[in-house]
Amino acid sequence: MIALFHPLQELGPLGEDLAALCCRAWYLRQADVAQAHSLMQRARALLKHTPPQTGGHANLWDLRLDLIEAEWRWLAAEHSAAQAQLHAIEQACAKPDSRAALLLLCDAACLAFWVEFESPQPAQAIPHAQRMLQLAQQADDAQRSAYAQALLQGPLILRTSPENLPALPWEDVKLEALDPVLLAEVGNLMGMRWHQTAQISRAAECYTLAWQAALSSGQLRRASIAASNVSRCLVNLNDHAGALLWTERALHGLQELGWPAVLGNALVQYAECLLLLGQIDNARSVIGQALQSLQTLEQSRHICMCLHKAGDVALAERDGAAALRHFEQLLGVAHSLDYDSYLCIATLGRVRALLLLEQHEQVQALAQDWLPRAAARANWLLQADLLQALAQSLCACGKRQAELEALQEALAVRRKIDGMQIPPPLLEALADACAALGREREAWLARKEANAMRDRLHATEAGKRVQALQIRRQLQQMEQQAQHLQKLAHSEAERAAALQDSNQTLALLGEIGRQITAQRELPELLSTLQTRLQELLRADYCTLLLADDDNCILHSVFRIEDQQILPPYQIPYDHEKSFSTLCRRERRLVFFNQSPQGDLPRLQDSKPTNSAMFGPLIVQQRVVGVLSIQSPKENAYSEREILIFENLCAYAAIALDNAQAWQALRESRAQLVQHAKLASLGNLVAGVAHEVNTPLGNSLMMVSSMHDLLRQLEQDFSAQRLRGSALQAWFEHAQEACDLLLHGLHSTAQLLHKLRANESAPAKHALRNLHLAEALHDLLQTQQARFAAAGHRLQVNLDPGLQAHSEAQALQQVLSALLDNALAHAFSGPGGEVHISAERKRNGALQLRVADNGCGIAPEHLGHVFDPYFTTRLGQGGNGLGLHHCYQLVRNHLAGRIEVISSKGGGACFLLELPAPAHDAAT
């Protein structure tokens, strides 16, 4: 049956594993039945777990596996079961809706052709080939279309005489260029074509090409048939030894499979070759195996062929009873199947068997009965053979005149056959009959013609032997060429596999390199390196040593043997018996595949080692460490492993250097952060001290003054010098002092409250959709009046329809802080301007823009404006908390972003990004 010309991915996206299983099962269904059956079981197990949405595709995969089982049933001669399974496949795909379904039905029609072709009515196979052609054309599959055309040509060749056979489409085509699956069928077809026209050499060549193509494409049945056909070609040329060799090839691999038809045909051809070589006993044994194999095919062409050859073997053994039994059985099968050719063969065989049994009355009666039938069928060869057998029987009965008449009639019949050479035994029998009747001249002429015919036959046989030698040499050359091409293909496949392996190794090394060099932390780096080493190389023992140039030692950072972590150790640079120090000192790979002998240094702290590699980790001419792997196995590391190890060493060196640099950078960053914190704290302390010192100093001065006045008042009161005017003045002074004291303490408390509020956990605000212009209207009116009073201008350009997902109070605090910051820092005199605008961004967010034309922010200050306690007006009322508080509100309360753009003298622009409006209240 035809194999797939295209991969099965057209059957649906069910995964690479399932596709691989089904494809391999399909291609191995004849070449390795056991393996194909195992693959089918695994595929069916996967199909049970396919998701429901791929059910249609899964069904096609399942039907494809059913088709394989139907083919096995056909090969096992279970034709009814095969037909039932094919019918079920047809019903399941009654309405094909994809190219994959069409191809499935196309292959099912192909199998149905072969099932019917081996049935008693082979003509019923033709509609299936026609359906296959139609489906292949619908699926636009040129290969299957050509295969179906070849199937249709086969019966035509069998039932058409050579002179009336039309030209075939492949007569002018180079067959070797065809796909192997198609070539296996077309080569056999062309072989039949040339065989019928007696072009034996061309026929053998075509059959050989078909055999090679069938083997290469896994079609064991077709390969066996092609080899048997080559054997028949060599039999025609009397090269019986060569024919026997090809028959053995036809039998190769069939005994274990138990395919009755294929095995039986090959055994019949094998028995014929043995019979022609005179090995009658072996031929009888082989034909017995063929009969046993074909027991399940009692009504088929195969059993007819086998019974025919069994009768011939019995005749060669001169076992008339056995021969008669086989030919009578053949007669019954031929009658039931209406096989006219085998009816003739069975009749002639019965006549010859009866001759051996000396039952001359039956011989003469049977011959007389069939001679008119043979004449009516124009079967001149059968008629001539029956006349010769009749003459032989008449001779045994002493009827010499009747014998002579029968022989003369047989000779006349044979002369009617175009191109037929008269067999010398017929002429010799005629000469003997003439001599017995005293007709010496006729006897002499018959013997003369017999000798001439024998000489001609000898010349023909010699020519056939020469042709057979030429064909054998040609076939050997074809086989050698095929073997050479197979070796080239195998070599190319190995080269491609090696190249693919190299590419995969390089890709894997690249991935490993990226993974290793991306690690910044030393523990993660060591873990990754250890894992990758175990994946790529045989490393029963591996260790990584880092170089400590300050102390002149190598110390291990990981050391593992048989998955067990070993304690760390260190090696001095000047150690003379360490491969690790040798590797570091000479800055090269140290490698051996056999245990070191003689004065070579031995491995340190490890089990016996026979293979090892030590690689230096070099970065910018510095050896940062040594990586080593070891194995107790000899010759554990080839050139491929050395290349991988060297690449790993290079990656490990870079990764270690990066990790060390990252560690140093992190320590430096931590120090810088600590310094920045201390500097910020210093600024805070200085600012707070200055802000608190003034009100506290004033308060202390007032308290001291009140204390002095109170003491003076007490003295005047004790001396009774206290006047009303003095008391009134004291009251006024006390009131003024209390006011100043309360103001100073209140200022201090307010500053401390701001500090505590900025550092405490913020209150949560519920966000909602709001109109921006409406939410900020009151605030902006107040701020415009404030700006106007200060000699500045506040311009607002807000679209009333713009919405944001925000919270009004927090948003007002942020905008108020930004405007306060502009009034405090942006302008050195009147005439300043602040522009407020908003727009919708592509991502749906709303961007609020607050820009001024003031003095701008110095570049060195731009990155710190949102830092806590950062201010450029320390001691001038600035505490560095305004913009920081603004930043905290935007990030933590409004779920937005804020940034500033500025340059010295170019004004400042604050960009506030707020979330897009939610679609509904729930959102």
Side-chain angles (χ1 to χ4, degrees), residues 118-123 158-159 232 235 260-261 264-265 267-272 274-276 280 283-284 286-393 406 410 413-414 417 423:
E118 294 189 355
S119 71
Q121 302 296 330
L158 291 176
R159 65 173 181 262
R232 291 187 180 95
V235 166
N265 288 342
L267 288 172
V268 168
Q269 183 64 24
Y270 192 38
E272 181 179 0
L274 292 173
L275 185 60
L276 293 171
I280 300 177
R284 183 181 65 250
V286 170
I287 206 65
Q289 296 177 32
L291 286 170
Q292 184 177 2
S293 174
L294 294 170
Q295 285 180 350
T296 56
L297 296 171
E298 295 180 352
Q299 300 293 319
S300 67
R301 290 193 309 276
H302 307 292
I303 195 66
C304 291
M305 293 170 56
C306 189
L307 291 171
H308 174 199
K309 198 54 58 183
D312 287 347
V313 171
L315 290 175
E317 289 183 310
R318 304 194 65 78
D319 186 349
L324 184 60
R325 184 174 64 253
H326 292 310
F327 284 120
E328 286 181 344
Q329 188 177 354
L330 174 59
L331 183 66
V333 176
H335 267 301
S336 64
L337 298 178
D338 195 22
Y339 284 170
D340 186 71
S341 59
Y342 281 108
L343 284 173
C344 299
I345 292 171
T347 299
L348 183 59
R350 290 169 62 205
V351 168
R352 290 172 176 171
L354 291 170
L355 275 175
L356 287 177
L357 295 173
E358 297 181 355
Q359 298 180 12
H360 298 296
E361 291 184 2
Q362 295 185 34
V363 170
Q364 294 169 21
L366 188 57
Q368 293 295 344
D369 179 47
W370 265 87
L371 281 172
R373 299 188 193 183
R377 289 177 169 84
N379 192 338
W380 313 123
L381 190 58
L382 175 62
Q383 187 179 8
D385 288 336
L386 288 174
L387 287 169
Q388 282 184 258
L390 178 61
Q392 203 173 347
S393 176
V413 170
R414 285 192 179 272
I417 304 174

Exercise for the section: Step by step, work out the side chain to side chain contact (heavy atoms under 4.5 Å, CB included) result for Arg352 and Asp385. Expected result: CA-CA 10 Å; Arg352 290 172 176 171; Asp385 288 336; 3.9 Å; yes

Please report the interatomic distance [atom1]([X]) to [atom2]([Y]), rounded to the nearest 0.5 Å.
{"X": "Asp312", "Y": "His308", "atom1": "CG", "atom2": "NE2", "answer": "4.0 Å"}
{"X": "Asn265", "Y": "Lys309", "atom1": "CG", "atom2": "NZ", "answer": "12.5 Å"}
{"X": "Gln368", "Y": "Leu387", "atom1": "CD", "atom2": "CG", "answer": "8.5 Å"}
{"X": "Ile280", "Y": "Arg318", "atom1": "CD1", "atom2": "CZ", "answer": "10.5 Å"}
{"X": "Leu307", "Y": "Ile345", "atom1": "CG", "atom2": "CD1", "answer": "11.0 Å"}
{"X": "Cys344", "Y": "Gln383", "atom1": "SG", "atom2": "CD", "answer": "11.5 Å"}

Completion exercise
Across all chains, not counting sequence neighbours, the side-chain hydrogen bond (donor to acceptor under 3.5 Å, both in side chains) partners of Ser293 are none

Completion exercise
Gln269 meets the side-chain hydrogen bond (donor to acceptor under 3.5 Å, both in side chains) criterion, sequence neighbours left out, with Ser231, Arg232

So which heavy atom on [X] is nearest to which on [Y], and how close?
{"X": "Leu357", "Y": "Ala321", "answer": "CD2-N, 3.7 Å"}
{"X": "Ala384", "Y": "Ala410", "answer": "O-CB, 3.8 Å"}
{"X": "Ala316", "Y": "Leu275", "answer": "CB-CD1, 3.5 Å"}
{"X": "Val286", "Y": "Leu267", "answer": "CG1-O, 3.2 Å"}
{"X": "Gly264", "Y": "Ala290", "answer": "O-CB, 4.1 Å"}
{"X": "Ser393", "Y": "Val363", "answer": "CB-CG1, 3.7 Å"}

Is there a side-chain contact between [X] and [Y] in this structure, where contact means two heavy atoms from C-beta onward sitting under 4.5 Å apart?
{"X": "His302", "Y": "Val268", "answer": "no"}
{"X": "His360", "Y": "Leu354", "answer": "no"}
{"X": "Asp340", "Y": "Asn379", "answer": "no"}
{"X": "Ile303", "Y": "Leu291", "answer": "yes"}
{"X": "Trp370", "Y": "Leu343", "answer": "yes"}

Practice task
Go through the steps for Leu381 and Val413 under the test side chain to side chain contact (heavy atoms under 4.5 Å, CB included), then give the verdict.
Solution key: CA-CA 8 Å; Leu381 190 58; Val413 170; over 6 Å; no

Distance-only donor-acceptor pairs under 3.5 Å for side chains of residues 322-333, two or more places apart:
none

Practice task
Step by step, work out the side chain to side chain contact (heavy atoms under 4.5 Å, CB included) result for Leu371 and Leu390.
Solution key: CA-CA 10 Å; Leu371 281 172; Leu390 178 61; 4.3 Å; yes

